[in-house]
**Student:** 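Attaching a single structure in structure tokens format; questions to follow.
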Amino acid sequence: MMDLLHITSLRRGADGDPKSPNAANYDETKANPYPHLPDPLVLENGSKVTNAETWWKQRRPEIVELFDREIYGRVPANTPKVRWEVLSTTKEKNGDIPIITKKLKGHLDHSLYPPVNVDIDLSVTTPANATAPVPLMIELALSPEVVAALTKRFPALFASASGPGWQQQVLAKGWGYATYIPTSVQPDNGEGLARGVIGLVNQGQPRKLDDWGALRAWAWGASRVLDYLETDKSVDAKHVGIEGHSRYGKASLLAMAYDQRFAIGYISSSGEAGAKLFRRNFGEQIGNIAGSGEYHWMAGNFLKYDGPLTEKDLPVDANELIALCAPRPVFIGAGATQGDGWVDGKGMFLAEVGAGPVYKLLGKKDLGTTEFPPIETALIDGELGFRQHSGGHTPAPNWPTFLKFADRYMSSAPAGPKR
Ligand code: GCU
């Protein structure tokens with residue numbers, strides 16, 4: 001990739017170790033070297049976007065093209081068809097609530113390149129006593145093997161928190177939930193680019209500079225999950241939301257931005273290359289994402305902004321990624337700066353502020369403030385929601401707030417909220 005870009009070195013990222021000479025910056029006075037953001041409401045020809053039609057017909061496609069070409073990469077035209085197979089249907093209980101859980105596999109047609117086999121892992125749960133199709137939340141989740149390995153290494157991380165888990169909270173509203181395993185679509189490492197859906201479509205060959213990376217592939221997989229849900233009579237596919245944390249927060253934001261069928265998103269601790277402004281110098285930096293452990297998330301073209309170009313040369317920033325979700329509701333969450341500072345809660349808040357004008361142009365409410373709120377303050381009166389919980393790098397403490405926000409939008413009643 002670097003040869004193709006004619007670059008010979010990359011700037012290294014921020015270091016998590018505070019004693020490192022290259023330690024991540026956590027000083028707010030140094031956090032905004034490039035305060036000027038690209039304007040989602042100015043066309044490339046310099047004229048202002050003043051009506052919804054110009055947004056939909058001209059400006060939004062311009063922004064999509066820039067994210068495709070420079071940041072996350074393009075989904076190829078010939079992505080394989082997916083054939084869904086229900087492996088099992090089980091009646092069980094979650095807490096006191098009777099549920100029906102289907103385990104599924106989405107088999108990708110690999111006739112184009114038989115050596116690579118891809119099957120999407122999905123499980124879908126709905127309340128057994130539902131009398132009508134139910135709204136549903138999809139979580140992008142770690143595979144059970146990864147969870148088991150992490151639990152061994154960091155027992156505290158996965159120790160069950162007190163109170164009902166998110167699935168039980170969702171069931172208590174009468175909604176269903178689904179668990180989608182993104183790594184079943186695309187492995188989470190650079191060598192895996194020769195496999196997964198990216199390797200299948202490229203027939204095992206290296207990517208072109210604007211080919212998709214893992215984040216875009218994971219979001220593509222989420223859209224295939226939604227295709228399946230549209231055929232499942234127990235689900236109200238017009239009220240399907242998406243949730244993901246950390247790298248899967250990034251992927252779920254992409255899914256929301258690119259696929260307008262998703263009704264709502266809970267984007268947790270997505271940080272750099274997610275909802276956080278690239279132009280912020282706080283916590284994780286572009287050099288981490290362009291580095292050997294994460295570059296496969298992105299398009300090859302993205303690497304050039306990590307040297308010789310810099311963040312200020314990016315033609316887009318996260319405010320515009322969030323704006324692509326408009327007018328649909330998005331809730332952006334993070335943990336405390338002490339504990340989840342790497343993801344830069346304030347950088348995500350500022351990006352949301354920057355997406356506000358697009359929501360307003362489309363007749364919706366923005367965050368309602370430009371002042372970074374005190375920790376644990378929920379901003380959930382408009383279509384853009386935000387809250388920093390006081391825990392660490394986890395989505396759990398913000399679920400009740402997200403569900404309060406989501407209540408207004410997820411009702412299946414025919415006379416539901418106007419969109
Ligand atoms: C690393 C990475 C983040 C990512 C996180 C995760 O910390 O730097 O960008 O969000 O892993 O997915 O847990």
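The figures here come from the full heavy-atom set of this structure, side chains too, leaving out hydrogens, waters and symmetry mates. Remember, it's 1-based here, ligands and their atoms both numbered in the order they're listed.
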**Student:** At a 4.0 Å threshold, what atoms of ligand 1 neighbour a non-hydrogen atom of Lys250?
**Tutor:**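 Numbered from 1, ligand 1 contributes 3 (C), 4 (C), 9 (O), 10 (O).
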**Student:** CG of Asp17: more than 12 outside heavy atoms within 6.0 angstrom?
**Tutor:**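 Buried by this count: over 12 neighbours within 6.0 Å.
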**Student:** Any idea which protein heavy atom is nearest atom 4 (C) of ligand 1, and the distance to it?
**Tutor:**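 It is Ser246 OG, 3.5 Å.
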**Student:** Taking the six-membered ring where the residue is Trp, are the ring centres of Phe402 and Trp166 under 6.0 Å apart?
**Tutor:**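 No; Trp166 has its ring centre 6.0 Å or more from that of Phe402.
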**Student:** Before we go on, tell me: are the rings of Phe331 and Phe386 under 6.0 Å apart, centre to centre?
**Tutor:**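 No.
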**Student:** Tell me which protein heavy atom sits closest to atom 12 (O) of ligand 1, plus the residue, atom name and distance to 0.1 Å.
**Tutor:**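 Going by distance alone, atom 12 (O) of ligand 1 is nearest to Arg247 NE, 2.5 Å.
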**Student:** Against ligand 1, does Glu294 come closer than 4.0 Å with any heavy atom?
**Tutor:**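 Yes, that is the case, since the closest heavy atom of the residue is under 4.0 Å from the ligand.
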**Student:** Could you tell me whether the side chain of Val201 reaches within less than 4.5 Å of the side chain of Pro80, counting heavy atoms only?
**Tutor:**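 SC-SC contact between Pro80 and Val201 confirmed.
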**Student:** For atom 7 (O) of ligand 1, what's the nearest protein heavy atom and its distance?
**Tutor:**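 Of the protein heavy atoms, Trp342 NE1, 3.2 Å lies nearest.
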**Student:** For atom 3 (C) of ligand 1, what's the nearest protein heavy atom and its distance?
**Tutor:**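 Looking at atom 3 (C) of ligand 1, the protein heavy atom closest to it is Glu284 OE1, 3.2 Å.
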**Student:** Check the pair Lys276, Glu284 against salt bridge (charged side-chain N to carboxylate O under 4.0 Å, His left out), reporting the backbone distance first and the verdict last.
**Tutor:** CA-CA 10 Å; Lys276 170 202 174 175; Glu284 185 166 23; over 6 Å; no
**Student:** Centres of the Phe302 and Trp297 rings: under 6.0 Å?
**Tutor:**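 Not under 6.0 Å, so no.
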**Student:** Suppose I only count heavy atoms of Trp297 and a 4.0 Å limit; which atoms of ligand 1 are within that range?
**Tutor:**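 This gives 4 (C), 9 (O) as the contact atoms.
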**Student:** Taking only heavy atoms of His393 into account, list the atoms of ligand 1 that are under 4.0 Å away from them.
**Tutor:**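 Once the distances to His393 are compared, the set is 13 (O).
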